[in-house]
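Just so we're on the same page: letters track the sequence lines, and every chain starts at 1. Predicted, not measured: the structure shown is a model, and the values here were computed from it.
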There are 2 protein chains.
Amino acid sequence: MDDSPQWLTVEQQRVWRELLRLTTRLPARLNRQLEEDSGLSLADVDVLVGLTDVPDGRARVTEFARGLGWERSRLSHQVARMERAGLVRREVCEDDGRGSYVAVTDAGRSAIGSAAPAHLALVRDLVVDALSDDDLGRLGVLVGAVLERIAASD
Amino acid sequence: MDDSPQWLTVEQQRVWRELLRLTTRLPARLNRQLEEDSGLSLADVDVLVGLTDVPDGRARVTEFARGLGWERSRLSHQVARMERAGLVRREVCEDDGRGSYVAVTDAGRSAIGSAAPAHLALVRDLVVDALSDDDLGRLGVLVGAVLERIAASD
DNA sequence: GTATCATACGTGACGTATCACGTATAATGT
DNA sequence: ACATTATACGTGATACGTCACGTATGATAC
């Protein structure tokens with residue numbers, strides 16, 4: 001009977017359903033605001049923020065994907081879309097013929113510069129200011145514990 | 001200066017990034033296990049669980065979507081896919097010519113019956129058992145606060 | 001009765017995210 | 001040197017989720 005699956009309690013189900021709900025509602029809300037204000041998507045923002053944070057504005061694809069916590073091919077596809085939009089460009093890697101760099105363009109820098117204030121204001125409104133500092137820290141610890149379980153079960 | 005957007009602190013950014021990571025990693029992990037074990041998707045499971053929980057195994061589309069916390073057209077598309085797979089069927093509503101019911105089929109009941117144990121075991125492993133009872137309750141409260149902010153900002 | 005407004009819901013277009021697969025290059029072993 | 005293994009990463013296929021739009025039906029006002 002050790003391994004027999006058990007149905008969730010009512011309370012456990014409630015928390016579980018809320019978590020699932022969050023996985024679609026949160027990105028959707030942010031995407032809607034971003035689309036209205038700037039034409040960017042949340043994925044565009046993540047990539048642009050990541051690239052503008054590194055010294056020469058470029059990163060190797062696989063390492064960058066790891067840093068974002070994304071699947072490699074998710075980044076490849078996203079970069080392809082962003083390249084078509086002129087937000088990033090791919091650059092050959094001189095040292096390693098296998099791979100390439102993703103580099104932010106001037107248009108990309110400009111786009112994220114314009115989009116960031118309103119986007120961050122909404123992130124504040126929805127998440128940061130919804131909780132006390134203690135609670136935000138606590139949320140981070142709890143979500144971190146779940147992410148560790150996910151990583152361990154891969 | 002009241003409305004000026006502010007950059008997130010390092011700690012706030014960390015929690016924010018973890019939340020974003022969770023929105024893709026959690027469904028992806030559950031989907032992978034479900035696909036391997038049963039060929040169902042997490043969305044299939046949500047619909048089937050929802051339908052097997054109501055008395056005659058059927059529900060009106062708009063109300064059911066609301067209950068799941070889904071966009072209406074998300075459910076319509078999902079039902080179309082599940083109908084093709086024989087998991088549910090649409091039934092005419094006798095009292096209201098505008099709408100229809102989604103009803104679970106025998107195959108659907110069987111599929112969710114087979115898939116549920118392993119799926120719930122993974123939900124337990126990743127979420128429920130990753131936290132103490134107190135922490136799980138706390139997570140629910142914190143996520144609930146964020147969901148309220150999202151609902152309020154729509 | 002008719003017109004207008006409201007509601008239910010399905011569909012198309014599109015962007016997104018994962019998985020499988022394949023190609024090109026680098027590293028390693030012999 | 002050559003063969004084998006490993007790595008980097010791009011692409012296609014598919015399922016998914018949102019938004020816009022449209023049709024059909026019901027409710028309401030006159």
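Taking B/R74 as the reference, nothing meets the side-chain hydrogen bond (donor to acceptor under 3.5 Å, both in side chains) condition, with sequence neighbours excluded. Applying the side-chain hydrogen bond (donor to acceptor under 3.5 Å, both in side chains) rule to A/E148 yields no partners; only residues at least two apart in sequence or on another chain are considered. Every side-chain hydrogen bond (donor to acceptor under 3.5 Å, both in side chains) that B/R89 has, sequence neighbours left out, goes to B/E91. Every residue meeting the salt bridge (Lys or Arg N to Asp or Glu O under 4.0 Å) condition with A/R98, not counting sequence neighbours, appears here in chain and number order: A/D96. Taking the salt bridge (Lys or Arg N to Asp or Glu O under 4.0 Å) definition, one finds that B/R66 meets it with nothing, sequence neighbours left out. The salt bridge (Lys or Arg N to Asp or Glu O under 4.0 Å) test applied to A/R17 returns no partner, not counting sequence neighbours.
A pairwise comparison of heavy atoms in B/A130 and A/R149 identifies CB-CG, 3.5 Å as the closest pair. Among all heavy-atom pairs drawn from A/S153 and B/L122, the shortest one is OG-CD1, 4.5 Å. Scanning all heavy atoms of the two residues, the minimum distance from B/A107 to B/L87 falls at O-CD2, 4.3 Å. Minimum heavy-atom separation, B/A145 to A/L131: CB-CD2, 3.8 Å. Here the closest non-hydrogen pair linking A/G108 and A/L48 is O-CD1, 3.9 Å.
The stretch residues 80-89 of chain B has no heavy atom under 4.0 Å from DNA chain C, so no residue of it qualifies as close. Against DNA chain D, the stretch residues 14-25 of chain B makes no heavy-atom approach under 4.0 Å. DNA chain D lies under 4.0 Å from at least one heavy atom of each of the following residues of residues 45-76 of chain B: B/E71, B/S73, B/R74. Within residues 94-109 of chain A, the residues that place at least one heavy atom under 4.0 Å from DNA chain D are, in residue-number order, A/R98, A/G99, A/S100.
B/S76 places a side-chain heavy atom less than 4.5 Å from the side chain of B/R90. Side chains of B/V104 and B/I112 form no contact here, defined as non-hydrogen atoms less than 4.5 Å apart. Residues B/L136 and B/V127 meet the side-chain proximity criterion, which asks for heavy atoms closer than 4.5 Å.
Atom CD in A/Q78 sits roughly 14 Å away from atom P in D/dT11 (whole-Å rounding). Residue A/H77 contributes atom NE2, which lies 8 Å from atom P of D/dG12 at whole-angstrom precision. The CD-P distance, from A/Q33 to D/dC19, rounds to 13 Å in whole Å.
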If a pair means Watson-Crick or G-U wobble with both distances below 3.5 Å, what does DNA chain D look like in dot-bracket form, with | marking bases paired to a different strand?
||||||||||||||||||||||||||||||
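If you chain together hydrophobic residues whose side chains sit under 4.5 Å apart, B/V49 and B/Y101 never meet in one group.
Positionally, the nearest nucleotide of DNA chain D for B/N31 lies more toward the 5' end than for the other of B/N31 and A/R32.
Contact annotation for A/R90: backbone-only contact, meaning every heavy-atom pair under 4.0 Å involves sugar-phosphate atoms and none involves a base.
Using a 4.0 Å cut-off between charged nitrogen and carboxylate oxygen, B/R138 and B/D135 count as a salt-bridge pair. B/E36 and B/R32 are not joined by a salt bridge, as no carboxylate oxygen comes within less than 4.0 angstrom of a charged side-chain nitrogen. Between A/E11 and A/R14 there is a salt bridge, since at least one side-chain N of the basic residue sits less than 4.0 Å from a carboxylate O of the acidic one.
Along DNA chain C, the stretch of nucleotides lying under 4.0 Å from any heavy atom of chain B spans, 5' to 3', C/dT7 to C/dC19.
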